[in-house]
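Before any comments, here is the structure.
By convention in this document, chain letters (A, B, ...) are assigned in the order of the sequence lines, proteins followed by strands, and residues within each chain are numbered from 1. Side chains are part of it too, since the values below use all heavy atoms of this structure and drop only hydrogens, waters and symmetry mates. What you are looking at is a predicted structure, and each value in this text was computed from that prediction instead of being measured.
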Amino acid sequence: MRLTQYFLPVLRETPAEAQIASHRLMLRAGMIRQAAAGIYSWLPLGYKVLRRLEQIVHEEQQRAGHIPLLMPTLQAADLWRESGRYDDYGAEMLRIKDRHERDMLYGPTNEELITDIFRSAVTSYKDLPLTLYHIQWKFRDEMRPRFGVMRGREFLMKDGYNFDLTVEDALHAYNRHMVSYIRTYERMGLKAIPMRADGGPIGGDHTHEFLVLAPTGESAVFYDRAVTDLTLGDRGIDYADRGQVSDIVATWTAPYARTDERHDPEAFAAIPEERRVEGRGIEVGQIFFFGTKYSEPMRAVVVNEQGERVPVQMGSHGIGVSRLVGALIEANHDDRGIIWPEGVTPFHAGIVNLKQGDHACDAESLSLYAGLRAAGLDPLYDDREERAGAKFATMDLIGLPWRLTVGPRGLASGKVELTSRRTGESEDLSPEAAIARLREIYAGI
RNA sequence: CGGGGCGUGGCGCAGCCUGGUAGCGCGCUGGUUUUGGGUACCAGAGGCCGCGAGUUCGAAUCUCGCCGCCCCGACCA
């Protein structure tokens, strides 16, 4: 994309309402614009990141054998009356009446809807196991939305639901989700730690939250430093292999890691002091096993091998996709702006033409631009009539991990400069070598 | 929901106390200049001062009501 043909309304000054880094930077980098309290429009740059995260979530879910579908944002109240949650959910649920005075609601989650779909289509144990998920906008009428997309009222979430015949099968689904989530966050360049947590309105006693460590997180967390050393890497995982999956879960859940709700000071004190960490975290996902909590009241039953009708064992699992954009920035920024991990960056590299209008610089910039695209990469070429300082400042702000600088000084010796946003380190390379380097960096991402 | 604060060109703010033709910086437009970390200068454009009522000869400014937004707290798959 050429910047003069894009829509990137960056702000030089920080809007007064933004308190935390991710909110400030998302507004300044032209990623979002507030539409109402806790409700945001996603401008092109922000939308690109959001879609990239969606894509990673889709890939990892499907790799784990989970099946995508799409349920609506508006739901009929009747289903929620059936589960008993129409009254239980309280003021956080946005209730709407249609023209016929029918009670509707903007879905805060989808257990009821998915259970309804399931029970109308599945009647036999032979159709199990089944895990369905979607990525859809949710609405929760928070008392106090804040921190930009970190605590919005409208937010994009991946929510998935597993249906199994036995508790054992459902626990395997639980484990499968934990492993696929760990891999998902890793691909995004995040360290998200599974922590024992409370059930909340969804319910269930078997539940973990995934927390991204960041000083601005809303949850206090206590953990054994050993857990942050764990890495899944690109090892092959057979999600059907119960032993392999549960071994990974065992490894990740062995070190002490709890949010304050479930904190056990005694167990914490037993950890060697140098490994004890108290910090803050941002909740970016949660997984639950809740058995027959919904299947019983909503009569989601299958016939088992013995010909008996039994309620299915269920679990649900969520990833806060829009919140992740904020969490990524909280975990990856400096005083000049955002620093995107390669896995989620909206553009792979920025091209800064230091002397727009100079024939040699223009030609080399365009040639790099074409070369990167030919290599399957997605560059952002800053072709504005701006001074070098302004272009550098914009690139630093929007946080592309790699920058190619084209200027008369370097071109005199046939070189362009490749700079890492994270380390600030630069090297002078021929244009061909620079393209090759970037291709290598992004290989496999 | 309790407490506090703020609504003035796109953004950041001043003016309000003590009513009298709406200002500053950034950004924007045209031009000159400059060109390896937000250049300097010249000339411009852009505002029902959140909305409504009231007081007054006169309201951004005073009074009342409403709406919106932010912060702290409680709450939070």
Side-chain angles (χ1 to χ4, degrees), chain A residues 9-20 23-24 27-28 30 33-40 85 88-93 107-112 136 138-148 150-153 155-161 197-204 207-210 217-219 259-261 282-290 293-294 315-321 323 336-337 352-358 361 382 384-397 403-412 415-417 419 424 426 428:
Chain A
V10 299
L11 303 176
R12 203 162 161 157
E13 285 169 282
T14 304
E17 73 269 18
Q19 298 300 308
I20 62 167
H23 191 196
R24 272 199 309 272
L27 290 166
R28 286 200 53 213
R33 180 140 306 186
Q34 182 166 351
I39 301 176
Y40 293 86
R85 285 207 297 177
D88 292 352
Y89 220 94
E92 287 217 340
M93 183 151 70
T109 176
N110 290 70
E111 278 83 0
E112 282 75 3
Q136 176 63 292
K138 306 286 188 291
F139 196 95
R140 290 176 57 191
D141 203 355
E142 295 279 350
M143 267 186 251
R144 182 148 94 90
R146 60 185 126 168
F147 304 147
M150 301 277 284
R151 187 155 213 77
R153 292 194 292 171
F155 56 97
L156 187 63
M157 174 172 151
K158 171 262 165 181
D159 48 318
Y161 307 89
D198 267 347
I202 299 273
T207 175
H208 280 85
E209 284 180 346
F210 289 79
E218 288 193 90
S219 315
T259 61
D260 51 357
E261 302 154 333
I282 302 163
E283 185 199 333
V284 294
Q286 187 159 10
I287 55 178
F288 298 90
F289 164 66
F290 46 65
K293 179 181 162 99
Y294 296 94
S316 76
H317 332 87
I319 292 180
V321 179
R323 173 181 285 185
R336 298 198 310 266
V352 169
N353 183 348
L354 291 178
K355 195 167 184 180
Q356 205 70 42
D358 175 89
C361 290
D382 189 346
R384 294 174 302 167
E385 296 284 347
E386 285 284 355
R387 289 178 56 84
K391 292 190 176 186
F392 287 142
T394 298
M395 280 298 169
D396 289 346
L397 174 63
R403 186 185 79 208
L404 284 164
T405 308
V406 179
R409 202 180 288 172
L411 284 190
K415 297 290 177 67
V416 297
E417 186 184 61
T419 307
S426 292
D428 291 330

Would you measure the distance from the [atom1] atom in [N] across to the matching atom in [M] and give it in whole Å?
N     : M     : atom1 : answer
B:C6  : B:G15 : P     : 12 Å
B:U61 : B:C16 : P     : 12 Å
B:G10 : B:C28 : P     : 15 Å
B:U8  : B:A59 : C1'   : 14 Å
B:A74 : B:G68 : C1'   : 23 Å
B:G47 : B:G4  : P     : 37 Å
B:A60 : B:G52 : C1'   : 16 Å
B:C70 : B:U34 : P     : 47 Å

Output yes when a side-chain donor or acceptor of A:E142 lies under 3.5 Å from a complementary backbone atom of A:R144, and no otherwise. no
Please list, pair by pair, any protein nitrogen or oxygen found under 3.5 Å from a nitrogen or oxygen in nucleotides 33-37 of chain B.
unit_1	atom_1	unit_2	atom_2	d
B:U34	O2	A:R387	NH1	3.1
B:G36	O2'	A:R409	NH1	3.2
B:G36	O2'	A:R409	NH2	3.1
B:G36	O6	A:G407	O	3.4
B:G36	O6	A:R409	N	3.4
B:G36	O6	A:G410	N	2.8
B:G36	N2	A:E417	OE1	2.8
B:G36	N2	A:E417	OE2	3.4
B:G37	O6	A:R403	NH1	3.1
B:G37	O6	A:R403	NH2	3.4
B:G37	N1	A:D396	OD2	2.9
B:G37	N2	A:D396	OD2	2.3

Could I get the full list of salt bridge (Lys or Arg N to Asp or Glu O under 4.0 Å) partners for A:K138, not counting sequence neighbours? A:D159
Under 3.5 Å, which protein N or O atoms sit close to an N or O of nucleotides 4-11 of chain B? Give each pair with its distance.
unit_1	atom_1	unit_2	atom_2	d
B:C11	O2	A:E13	OE1	3.1

Salt bridge present between [X] and [Y] (N-O < 4.0 angstrom):
X      : Y      : result
A:R140 : A:E92  : yes
A:E111 : A:R85  : yes
A:R336 : A:D396 : yes

Would you say a side-chain N or O of A:Q19 is under 4.0 Å from OP1 or OP2 of B:C72? no
Once the angle between the rings of A:F290 and A:F288 is folded into 0 to 90°, is it parallel (under 30°), tilted (30 to 60°) or perpendicular (over 60°)? tilted
With nearest nucleotide decided by heavy atoms, which residue, A:P108 or A:R384, maps closer to the 5′ end of RNA chain B? A:R384
Expressed in angstrom and rounded to an integer, what is the separation of A:R144 atom CZ from B:C71 atom P? 6 Å
